[in-house]
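Right, I'll just put the structure down here and ask away after.
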Amino acid sequence: MQGDTSISVQYLKSVGPKRAESFAKIGIKTIRDLLYYFPYKHLDRTTILSSSKIIQHVINGYTGEVTIIGEVIDKELVRYGKKQIFKVTFKDKFGFYECVWFQGIKYFKDLFNTGEFYAISAKPVITRYGNLQFVHPDFDRFGKNETDEFLNTGKIIPFYSLPKELRERNLGDLSLRKIIHYAVENYSGSLEESLPDYIIKEKNLLDIKQTIKNIHFPQNHEALLQAKNRLKFEEMFYFECLTALRKSFIKNTIKGIPFQIRAEPIKKLLNKLPFKLTKDQLNALTDIRKDLESQKPMNRLLQGDVGSGKTIVALISMLIAKYNGYQSVLMVPTEILADQHYKKITALLSGLDTRVVLLIGGQSKSERAKTLEEIKSGKAEIIIGTHALIEENVAYHKLGLVIIDEQHRFGVVQRAQLIEKGFTPNVLVMTATPIPRTLTMTLYGDLDISFINQMPSDRKPVKTYLRSEKKLPEVYNFIKTKAREGCQTFLVYPLIEESEKVDLKAAETYFNELKETYLSEVRVCLIHGRMNWKEKEEIMYKFASKEYDVLVSTTVIEVGIDIPEANIIVINDAFRFGLSQLHQLRGRVGRGKAQAYCILITKNELAVESPQFNFNFEYMSHAQIEKNKSIIRLNAMVKYSSGFDLAEIDLRLRGPGEIFGTKQSGMPELKYTNIIEDADIITEARKTAFDLVASDSKLQHEKNSLIKKNLIANYSSQFKFSRIG
Ligand code: ADP
Ligand code: MG
């Protein structure tokens, strides 16, 4: 007989009311809650080695990571001159070994107690005194008693995080493990299934009872893996159901505006271009044309690496809207970029009888009032600006197309805002953020996608170098020499938000110094975030018209700026930037025919260019990756020019949440699923969900009632733009 899981944990063996209170503080009220308190990791007993085995391995030249369990017999702080080392000595059945810490001593010294057992994982070394040693290892505590039944009987041991609320009640790793073990044995059998039986059967998944058992106390690796996979599938399945419902709602309920395509104005525009569109640009346009001609609103993502030529695709789409009597909005992240688009587009459209307007914060009141009036009356046909264009109360005459440039965060919420305003606009989101396919699917699950994979054929990859600060004089010489040939340079300094003033001062100081010294023979200008809009615009304009050779800047130039003659970018303190930022910055050059250069300047010790650098993360421990992140990033920039390669590395280094700001993007935190590693499961879950919604778009079938119930119970806040039932 299995017990009711909805009762309080206090009724579990060794819990009681006091401990139940502590559990409640960390969100565990019922036995069910406790069953869903999953281990953060497992330790496989079968891979643990003894000290004597490890020594043999080291002698035989093995350099990989190992795991060993032993008891602390001594700990001490050792002084070496000015430096301190924290050393813990352990023993196992066969001998002694030590772990040492050079950093974070204050923290680590309280984590080890004599008489307690620990599992240590790290690369072993043998010191010159012949001791087996581990430097800054990963470790897990077992508690006082190694005769712990799980250590001896269970092959795979779960580790649970033990927050202070529990520790305060004298709950240790061992006692928590025992309580959970008891709960699993006596209660997991009555857990309610959370996926329909037919899906469990079809997909060959574990049922929930078995899943919970195996996630805590698996008999072997296979069992653990199956449990994890079932949880991942379930997580992605419900997520994809929501996406599918939303997509089906938008497609089927909201009526679009079917456009007609007139060829002459497009031809006229194409004839003015100094180049031919690439095949990928043409394909993207075909996709867009089909969307625009249909009864359904367009909802498309255009993904193309930095410099692949997305703007022209946007422009042609806007021209189509205009010739159907509709207004278009082009929304960009910065005012500089808005202004640049405005100028270029105005120039390209001259003679095509199209009214283009710019709406940004820095404009004068009267200018703004006039623009707003034109937007309202319908005189303005192409409207370019920042986010304010949909967030503020701008009144449109007939808005037919919204294009969002360089904005991967524009998501469900913003689109919803538009729909709320009563628009049924066609939406095109353009991004250079090269997202691996599974992530695109997840993040933009309800968008159709077009790719521009191919760069215009006249492009050469940017040559990228890593240089230490010592080499700066040579770099300045290079800039000077190139300036004589007519090349322009961006000289970028990072900006740290906390001390904007100090940074600005730094950029200003460098600027003044360089003008007097290394760069006295060339024309240097400065742009920074604290300038007002007019000042920035003027500098950009002058730089673009070649009145200057070098533009010193904080990162205001990061996104989208297109000055094809500028073909050198020098990024100072490059280690401070993230990979996608570095890639965006580098994308400012190499936009024309000439060979372009990107020089990454960094502290001397980070300037290790290693062409053989191994990006094979499987062979690196977590700690190694952490330690070498900067070097990995910088070397990745030297080695790879494609945004896709860099994005994969970036995802490995940072995890998807951090990159895409999950909160803003409308993507839920994924608890179990890893967007890269679990691509197959995601694809499978997505297909299952989309097929299901295609055949039962309101979840009315009896066999789907459980899905409906769970969606309503757990995700109702996200239903605004989906309809079920
Ligand atoms: P992004 O995709 O980064 O927004 P842009 O649209 O700004 O790129 O285009 C980058 C540069 O390439 C611009 O100077 C643009 O005029 C030019 N360009 C666009 N398409 C082509 C093409 N098919 N052949 C050559 N140059 C092109
Ligand atoms: Mg662009």
Side-chain angles (χ1 to χ4, degrees), residues 9 12 14-15 19 22-23 25-28 33-49 65-72 88 90 92 99 104 107-108 110-113 115-122 134 136-185 188 211-232 621-623 625-626 655 671-674 677:
V9 283
L12 284 173
S14 6
V15 180
R19 280 182 167 176
S22 310
F23 272 117
K25 279 191 201 146
I26 60 163
I28 300 173
D33 295 338
L34 186 67
L35 291 172
Y36 276 86
Y37 190 67
F38 293 164
Y40 65 86
K41 71 178 242 182
H42 292 84
L43 187 66
D44 187 349
R45 260 300 249 179
T46 57
T47 63
I48 291 165
L49 297 175
E65 210 167 284
V66 296
T67 300
I68 179 169
I69 293 183
E71 178 188 352
V72 175
V88 182
F90 290 84
D92 73 356
C99 295
Y107 171 74
F108 290 111
D110 297 327
L111 297 181
F112 292 87
N113 305 317
E116 292 193 358
F117 286 81
Y118 295 80
I120 298 291
S121 301
F134 301 92
H136 277 240
D138 286 343
F139 57 88
D140 295 291
R141 176 169 39 195
F142 282 108
K144 281 213 165 21
N145 194 355
E146 208 223 351
T147 56
D148 174 354
E149 61 190 283
F150 300 109
L151 280 183
N152 289 328
T153 57
K155 284 206 178 84
I156 298 181
I157 309 151
F159 280 83
Y160 300 93
S161 64
L162 198 60
K164 70 173 188 326
E165 288 84 354
L166 300 185
R167 273 181 275 130
E168 278 163 10
R169 291 281 178 212
N170 258 337
L171 264 165
D173 298 281
L174 179 58
S175 36
L176 179 60
R177 208 177 281 135
K178 279 186 168 160
I179 290 169
I180 295 179
H181 189 255
Y182 180 83
V184 169
E185 288 297 307
S188 63
T211 302
I212 295 296
K213 257 194 160 148
N214 288 354
I215 203 80
H216 291 285
F217 303 100
Q219 285 304 310
N220 50 46
H221 271 292
E222 183 55 27
L224 179 59
L225 192 68
Q226 280 180 340
K228 284 184 176 169
N229 285 349
R230 137 92 204 215
L231 292 168
K232 289 171 182 181
S621 75
H622 193 66
I625 294 178
E626 275 304 311
K671 261 183 135 156
Y672 312 121
T673 317
N674 178 310
E677 284 156 19

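Please read these numbers as outputs of a predicted model, since none were measured by experiment. In this chain, residues are counted from 1 in sequence order.
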Flag side-chain contact, heavy atom, 4.5 Å: Phe117 against Asp92: no

Ring-ring centroid check Tyr160 His216, cutoff 6.0 Å: yes

Contact summary for Tyr40 and Ser161, nearest pair of heavy atoms: CD2-N, 3.4 Å

Between OG1 on residue Thr67 and CG on residue Leu49, distance to nearest 0.5 Å: 7.5 Å

Student check: side-chain heavy atoms of Val72 and Glu116 closer than 4.5 Å: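 In short, these two side chains do not touch, never coming nearer than 4.5 Å.
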
Residues which pass side chain to side chain contact (heavy atoms under 4.5 Å, CB included) with Ala227, listed by chain and number, not counting sequence neighbours: Leu206, Thr211, Asn214, Ile215

Least distance between heavy atoms, Ile26 atom then Glu165 atom: CG2-OE1, 3.6 Å

Spacing of Phe108 atom CZ and His136 atom NE2 [to the nearest 0.5 Å]: 6.5 Å

Inter-residue atom distance Gln219.CD - Leu224.CG, 0.5 Å rounding: 11.5 Å

Stepwise side-chain contact (heavy atoms from CB on, under 4.5 Å) test for Ile180 and Phe38: CA-CA 10 Å; Ile180 295 179; Phe38 293 164; over 6 Å; no

Residue pair Leu12 / Ile179: nearest heavy atoms and the distance that separates them: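 Smallest interatomic distance, heavy atoms only, reads CD1-CG2, 4.1 Å.
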
Pair His42 + Phe159: ring centers closer than 6.0 Å: no

Non-hydrogen atoms of Phe134 and Ala122 that approach each other most closely: CD2-CB, 3.9 Å

Contact summary for Ile48 and Ile68, nearest pair of heavy atoms: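 So the two residues come closest at CG2-CA, 4.1 Å.
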
Test side chain to side chain contact (heavy atoms under 4.5 Å, CB included) applied to Pro158 and His181, Lys41, Arg177, the passing residue: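 Going through the options one by one, the only one that passes is Arg177.
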
Aromatic plane relationship, Phe139 with Phe112 - under 30° parallel, 30 to 60° tilted, over 60° perpendicular: tilted

Approximate separation, where rounding is to 0.5 Å, of Leu225 CG and Lys232 NZ: 7.0 Å

Closest approach of Asn170 to Ser175 (non-hydrogen atoms, all atoms of both residues):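 Reported closest heavy-atom pair: O-OG, 4.1 Å.
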
Candidate pair Cys99 and Ile120, rule side-chain contact (heavy atoms from CB on, under 4.5 Å), full reasoning: CA-CA 9 Å; Cys99 295; Ile120 298 291; 3.8 Å; yes

CD1-CZ distance between Ile156 and Phe217, expressed to the nearest 0.5 angstrom: 12.0 Å

Leu34 side, atom CG; Ile212 side, atom CD1 - distance, nearest 0.5 Å: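 Reported to 0.5 Å precision, the distance equals 10.5 Å.
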
From CA spacing to verdict: side-chain contact (heavy atoms from CB on, under 4.5 Å), Tyr118, Val88: CA-CA 11 Å; Tyr118 295 80; Val88 182; over 6 Å; no

